[in-house]
Every structure is written in C-alpha cells, then in structure tokens.
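For reference, the structure discussed in these notes is given below.
Every chain is numbered from 1, with letters handed out A, B, ... down the list of sequences. Just so it is clear, the values below take in all heavy atoms, side chains as well, and ignore hydrogens, waters and symmetry mates.
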Amino acid sequence: MPHFATEESLIHVAIKAEPLFHLGPITVTNSMVGTLIATVILASLAFWASRNSAVVPGRFQSFLEFPLEFLGGIVRSQHPTRWSAILPPILTIFLLVLVANYVGLLPGVGTIGLHVVEDGHEAVVPIIRPASADLNFTLTLALVAFVLFVSWGVRANGVRGYLKETFVANPPYMTPLMTPIHIVSELSRIISLSMRLFGNVFAGEILLAVMLALTFAIVPTVFLGLEMIFGAVQALVFALLTLTYITLATAGHGGGHDEEHEPGEHDADDVALRAGAH
Amino acid sequence: MEALIQEFDVNLVSLVFQLINFLLLLYLLNRFLFKPLLARMDERSSKIEKGLEDAEAAARDRELARAEREAAVSEARKEANEMIARANKIAEDTRNEILTEARTEAEKVTTRAREEIVAEKDRAMAEIRGQVADLALAAAGKLIRHEMDDKAQKRLVEEFLAEVKPAGSSKSARS
C-alpha cells in the first residue's frame, strides 16, 4: 500500500479501497460505504419522487426531472421504439456515477478515518471512499454496460446475426485480420470505460488532497468546483458511451440488415462511430 | 495482469457487492423515480397539448359566435329598414287614398249643391211667375177699371207673360 505521508500532514492516498472491518467472510471496504451512501441518497430521492410528484412540478421535481428529460430525449431520438427499455439502465448508471462522484466532494470524505498501524506506518484509513475511486465499482458498471450492449445486439440482430456482425468481417476475406481487432475493441471497451472513470475520480481525489495540504483557503475551493464539473462530465460520458455502444450493437456494423434500419439511424450511427472512436 | 488485479484489489466480493447494489438501485430507481416522473411528464405534455387544442377551439368558437352575432345584427337592421320602408309606403298610400276620396266627395257635394241650387231657383221662378201674374192681374184690373170677361182676362195675361218671359229668363240667367 503506497503512502504519501509527509511529516506535516497525512496525505493518505491509496490506489485501492481499504478494508474497514470484516463481516463474516465479507470484507467491508470504505468504498462500499461510499457506494451505500450514494445508493441511499438516490433511493431516498426516488422515494420522495414516488410520493410527492405532481403533474405541475415544483422546483425540486423539476430538478429531478432534468436528467430524465435530457437523457430521455437522447435515448428517444436514437431508439424511437426501444427507448423505454434502454433508458432505465442508462439513467441509473448516470445518476449512480454522478452521486458517487459527488460523495467524494463532501467534507469529511477521505479525511475522517480510523487510525491504523500497518507495516510499521501510522496511517489513517478513511471511513468513506468515493465509490468511483474504486476499480471494483467502475469495473462492475463497465461489465454491466458490456452485458447491456451485447444483449441488445443479440436482441436486435438475433444470436446468428450478432455473431456474424462480430466475427465475420465485411468483405469476408478480411475476417482473419479484422476479427481479432474487433474482439479486442469490444473487450477494450470494458477497460476503457472502467479505467477512464476510475482514473478521473481517483486523480481528482489526489488533486484535492494535495491542494488541501499544500495551499489554504480559496485554492482548494477552485479545485472543488472543477471536480464538480468533472464529476458530472464523467457520469455523462459513461452513460452516453454505454448508449453509443448499445446503438452500435443494435444498428449492426455493415450491410445486410437494412430492414432493421430506420432512415434516421444512419446519421446516429455516424455520430456514434465518431464518438466511439475516441 | 495478476499484478494489476492485485494492485487495484479487484476481488469477487467487491464486484458482487457492487453488482447487487447496482441491480437493486436499478430496480428502485425504475420503480420509484423513472416511472412516476415519466408518467407525470407524459401526463403534463398531453395536458398541455389538450389545453392548447382547447384554447384553439375556444378561439374558433368565439370567432364563430362573433360572426353569428354580426350576421344577426345586420339581418335585424335590414329587417327594420324594410319595415320602416313598408310603413312609409303604407302611410303614403293611405294618405293618397284619403285625399282622393276627400276630393271625390267634395266634388260630389259641390255638384249636388249646384244641382239643388238650380232646382230651387227654377221652383222659385215658377212661384214668382204665378204671383207676378196674379199681381199683374190685380194691378191691371185696377188700372183699366172695367170688367172683362174671364176669357179676355186670360188672353191678356198670356200675352203679358209671353212678353215678360224672355225678359225674366234673361234676368235669371244673369243672376
């Protein structure tokens, strides 16, 4: 476990989630606590919405409706017939990542901790670690995204169609060259999705910790504001990339599935391909 | 790879915990957040749509009512004008009729009066003629102082009257 502890301050940076206590065979880590806090916040919002939503929205309801309206519009425009099934997981990913990122910005998160002595070092293990700064969290979401776009591909093109799209290149003689690249690109999406989110949030945490230790007063506040923007952007990127992969999977990659295409979907494909290339 | 997993502490317990957490949250949010809010939003947009339609229909109705009202007013005005015109015509006709009648009546009355006057004059003339004969007789008798037989008397009177008559008639015509 790498420690960056200076004499004056305890900048505690651990690349992995740290165990807090053991519950039978399960090791409860501080990122699990962060995940649970995000879940509880979202669940209570949902509970509020189920009881207090009205046709004429109040301020809070409008605030809650904003992501639904925004992402709902995007999903609806790309999948006019399937949007109602695609939207909930996309929205859940977006909201969970967003809130998980913001949990990391709350005061006390990452700074209040348990004193432990490990390997002769005295260290503070934070009780709460933002969930997105744990690769387990981001990897799970990336796997969920992978399952989503593969299952939507199968659902849209059939098992044979999906396998053909994935493993047979167009033209067919290119298959030996293209298929390995294709498989790697499909699998690398898991790594790119999970690592991008983890890296951004983890780097943000380090940045905040370092700024808090090196400077004072207004400087960490500026970075806190930046982290709020990054947190929202990363949540949006994760959700939109998942949607893009689903769109690519349902649209198919080449010719031969034109009956599945709607006229507007070609444009969506182009946009999705360009977005997916990054 | 092994080292990487070790370094990031990717473990099955954490993955399963995160997966269960995600699925639970997916269920909760879908059931309690997305569905109610999407339903409300749909309801709202349909209500707004209906409101706009209603407003349009109301405007159309108002326009229709206005046109109807205007048509009724102009119709009433036209009818009133017609009525006045008819009334005027009737009054004129009646006046003319009354005048004509009055004129005819007046003429009739005048004619009759004239006739009556003529008759009265003739009668008076006859009467006067008789009296004049008697008077003349008496005067003549007194003047000549002699008797005459009735026959001679009569003849004398006839002669006199014959002389008088043209003078008398010319006199009456002058009056």
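Options Ser50(A), Ala38(A), Pro89(A) differ in how many heavy-atom pairs under 4.5 Å they form with chain B, and the most are formed by Ser50(A). Comparing Asp42(B), Leu23(B), Leu24(B), Leu29(B) by how many heavy-atom pairs each has under 4.5 Å with chain A, the most go to Leu29(B). For the set Leu37(B), Val16(B), Asn30(B), Leu28(B), the count of heavy-atom pairs under 4.5 angstrom toward chain A peaks at Leu37(B). Ranking Val28(A), Thr27(A), Leu91(A) against chain B, the residue ahead of the rest is Leu91(A), based on heavy-atom pairs under 4.5 Å. Each of Ala17(A), Gly72(A), Pro57(A) has some count of heavy-atom pairs under 4.5 Å with chain B, and the biggest count is that of Pro57(A).
The parts of Phe34(B) that come within reach of chain A are both its backbone and its side chain, each placing non-hydrogen atoms under 4.5 angstrom from that chain. Lys35(B) does not touch chain A: none of its heavy atoms, backbone or side chain, sits under 4.5 Å away. For Leu38(B), the parts lying under 4.5 angstrom from a heavy atom of chain A are both the backbone and the side chain. Residue contact with chain B, scored on non-hydrogen atoms closer than 4.5 Å, involves the backbone of Ala54(A) exclusively.
Partner Leu26(B) forms a side-chain contact (heavy atoms from CB on, under 4.5 Å) with one of Thr92(A), Leu96(A), Ile93(A) and no other, that one being Thr92(A).
The shortest heavy-atom contact between Val55(A) and Glu43(B) is CG2-OE2, 3.0 Å. The minimum heavy-atom distance between Phe198(A) and Phe8(B), with the atom names listed, is CE2-CE2, 3.3 Å. Across Met32(A) and Ser14(B), no two heavy atoms sit closer than the pair CE-OG, 3.7 Å.
At a heavy-atom separation below 4.5 angstrom, chain B is approached by Gln61(A), Leu64(A), Glu65(A), Leu68(A) within residues 58-68 of chain A.
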Name each donor-acceptor pair under 3.5 Å that joins a side chain in residues 134-144 of chain A to protein atoms two or more places apart or in another chain, with its distance.
unit_1: Asp134(A); atom_1: OD1; unit_2: Asn136(A); atom_2: N; d: 3.0
unit_1: Asp134(A); atom_1: OD1; unit_2: Asn136(A); atom_2: ND2; d: 3.2
unit_1: Asp134(A); atom_1: OD2; unit_2: Ser31(A); atom_2: OG; d: 2.5
unit_1: Asn136(A); atom_1: OD1; unit_2: Asn11(B); atom_2: N; d: 3.2
unit_1: Asn136(A); atom_1: ND2; unit_2: Asp9(B); atom_2: O; d: 3.0
unit_1: Thr138(A); atom_1: OG1; unit_2: Leu135(A); atom_2: O; d: 3.1
unit_1: Thr138(A); atom_1: OG1; unit_2: Ser194(A); atom_2: O; d: 3.2
unit_1: Thr140(A); atom_1: OG1; unit_2: Asn136(A); atom_2: O; d: 2.5

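Around atom CD of Glu97(B), no more than 12 heavy atoms belonging to other residues, nucleotides or ligands sit under 6.0 Å away.
With hydrogens and angles left out, the side-chain atoms of Asn21(B) and Thr39(A) include a donor and acceptor closer than 3.5 Å.
Expressed to the nearest 0.5 Å, how far CG of Leu33(B) lies from CG of Leu95(A) amounts to 7.0 Å.
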